[in-house]
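Just so it is clear, the values below take in all heavy atoms, side chains as well, and ignore hydrogens, waters and symmetry mates.
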Amino acid sequence: MQARDIMSSPVVTVTPDMTVKYAANLLAAHGFTALPVLDADGRLIGVVTEADLVRDRFPRDARYHPGEDTAPDKPSDPPSGTVGGVMTTPAVGMGAGTDVVDLVRVLLDDRIRSMPIVDGAHVVGVVTRRDLVRALARDDAVISADVRHQLSIYGGPRRWTVEVHDGAVEVVDAFDDETDRHVATVLAEAVPGVTAVRVTGTSPAG
């Protein structure tokens, strides 16, 4: 699979001059964990996350009485009220053709929850951990129908037998052709929710 196969699009974005309050409302309303930040030309310049928004945002409860050994909080400047003042920059984006394996590796290694998908400097989608989990959760019957559709375009609707169990796809080709089996594997692997593919061949007589 590639990023374009599972990304969410169109993307909800913000600009640097928007308020933290407005960005927080967007995150809360949509259940997002981060928002791409675009400049006036629509180019990706940053990302604002839940952590960016809540950092140093809440005052300490006046009813709290620290122990004698606890140093009082030092006065600090109030946090910025705009997205531009709290966003993470520079932003990292990946292309729509990025292999999902590479995308997952970056999300996990960098401990981030979402990745903007870009065409040049312009955001065309976003992939979140939730998108990846949603792909894994796709029903086997839906996956099977999608695989059959892709294979029918390539070799006809009656050529292939498809079974799916927990995302693992078993394909039987009515003809024993090594090249076609390779193509069938590639097509099936591109279907969201597919975790493994095995293609075997058999003669028309069975």
Side-chain angles (χ1 to χ4, degrees), residues 1-58 79-143 145-147 149-150 153 167 186-195:
M1 284 186 294
Q2 298 178 353
R4 62 167 55 90
D5 297 320
I6 61 171
M7 69 182 186
S8 298
S9 182
V11 186
V12 177
T13 62
V14 290
T15 57
D17 60 317
M18 291 179 176
T19 66
V20 165
K21 185 78 168 181
Y22 180 76
N25 279 325
L26 286 178
L27 290 181
H30 295 281
F32 298 154
T33 60
L35 295 167
V37 184
L38 310 184
D39 66 10
D41 295 320
R43 294 174 298 189
L44 179 68
I45 58 172
V47 173
V48 63
T49 68
E50 293 170 319
D52 294 327
L53 295 183
V54 304
R55 186 176 292 111
D56 301 324
R57 190 63 56 179
F58 298 96
S80 174
T82 66
V83 168
V86 300
M87 69 182 184
T88 299
T89 187
V92 176
M94 303 183 81
T98 301
D99 194 303
V100 168
V101 172
D102 297 325
L103 195 156
V104 170
R105 183 179 296 113
V106 171
L107 289 179
L108 296 180
D109 289 350
D110 294 350
R111 297 183 179 182
I112 56 179
R113 296 184 178 183
S114 64
M115 176 64 66
I117 306 303
V118 297
D119 180 4
H122 295 274
V123 178
V124 295
V126 64
V127 174
T128 68
R129 293 184 183 182
R130 182 175 298 178
D131 292 321
L132 297 167
V133 172
R134 187 180 296 114
L136 286 176
R138 295 187 80 208
D139 187 85
D140 283 347
V142 176
I143 295 173
D146 285 353
V147 171
H149 175 70
Q150 294 298 325
I153 295 174
V186 172
L187 292 174
E189 287 177 341
V191 172
V194 171
T195 58

Backbone N or O of Tyr22 within a donor-acceptor pair of the Asn25 side chain at under 3.5 Å?
->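 Not at all, since once roles are kept as given, no pair shorter than 3.5 Å links the two residues.
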Backbone of Gly193 reached by a side-chain donor or acceptor of Arg134 within 3.5 Å = no
side-chain contact (heavy atoms from CB on, under 4.5 Å) between Asp146 and Gln150, intermediate numbers included = CA-CA 6 Å; Asp146 285 353; Gln150 294 298 325; 5.6 Å; no
Return the minimal non-hydrogen interatomic distance between [X] and [Y], and the atom names on each side.
{"X": "Ala188", "Y": "Val147", "result": "CB-CG1, 4.1 Å"}
{"X": "Gly95", "Y": "Ala3", "result": "O-CB, 3.8 Å"}
{"X": "Arg138", "Y": "Val191", "result": "NH1-CG1, 3.8 Å"}
{"X": "Pro16", "Y": "Ile45", "result": "CG-CD1, 3.5 Å"}
{"X": "Val48", "Y": "Leu53", "result": "CG2-CD2, 3.5 Å"}
{"X": "Asp131", "Y": "Ser8", "result": "OD1-OG, 3.0 Å"}

Salt bridge (charged side-chain N to carboxylate O under 4.0 Å, His left out): pairs with one or both residues in residues 3-22, sequence neighbours excluded = none
How long is the straight-line distance from [atom2] of [Y] back to [atom1] of [X], given to the nearest 0.5 Å?
{"X": "Leu107", "Y": "Met94", "atom1": "CG", "atom2": "CE", "answer": "8.0 Å"}
{"X": "Met87", "Y": "Thr15", "atom1": "CE", "atom2": "OG1", "answer": "10.0 Å"}
{"X": "Leu132", "Y": "Arg130", "atom1": "CG", "atom2": "CZ", "answer": "12.0 Å"}
{"X": "Glu189", "Y": "Gln2", "atom1": "CD", "atom2": "CD", "answer": "12.0 Å"}
{"X": "Thr98", "Y": "Ile117", "atom1": "OG1", "atom2": "CD1", "answer": "6.0 Å"}

Could you go through residues 27-44 and list every donor-acceptor pair under 3.5 Å that involves a side-chain atom there, pairing it with any protein atom two or more places apart or in another chain?
{"unit_1": "Asp39", "atom_1": "OD1", "unit_2": "Asp41", "atom_2": "N", "d": "2.9"}
{"unit_1": "Asp39", "atom_1": "OD1", "unit_2": "Gly42", "atom_2": "N", "d": "3.1"}
{"unit_1": "Asp39", "atom_1": "OD1", "unit_2": "Arg43", "atom_2": "N", "d": "2.9"}
{"unit_1": "Asp39", "atom_1": "OD2", "unit_2": "Arg43", "atom_2": "NE", "d": "3.0"}
{"unit_1": "Asp39", "atom_1": "OD2", "unit_2": "Arg43", "atom_2": "NH2", "d": "3.1"}
{"unit_1": "Asp41", "atom_1": "OD2", "unit_2": "Arg43", "atom_2": "NH2", "d": "3.3"}

Exceeds 12 heavy-atom contacts within 6.0 angstrom, atom CZ of Arg113 | no
Partner set under side-chain hydrogen bond (donor to acceptor under 3.5 Å, both in side chains) for Ser80, not counting sequence neighbours = Thr82
Residues Leu26, Met18; criterion side-chain contact (heavy atoms from CB on, under 4.5 Å); working and verdict | CA-CA 11 Å; Leu26 286 178; Met18 291 179 176; 5.5 Å; no
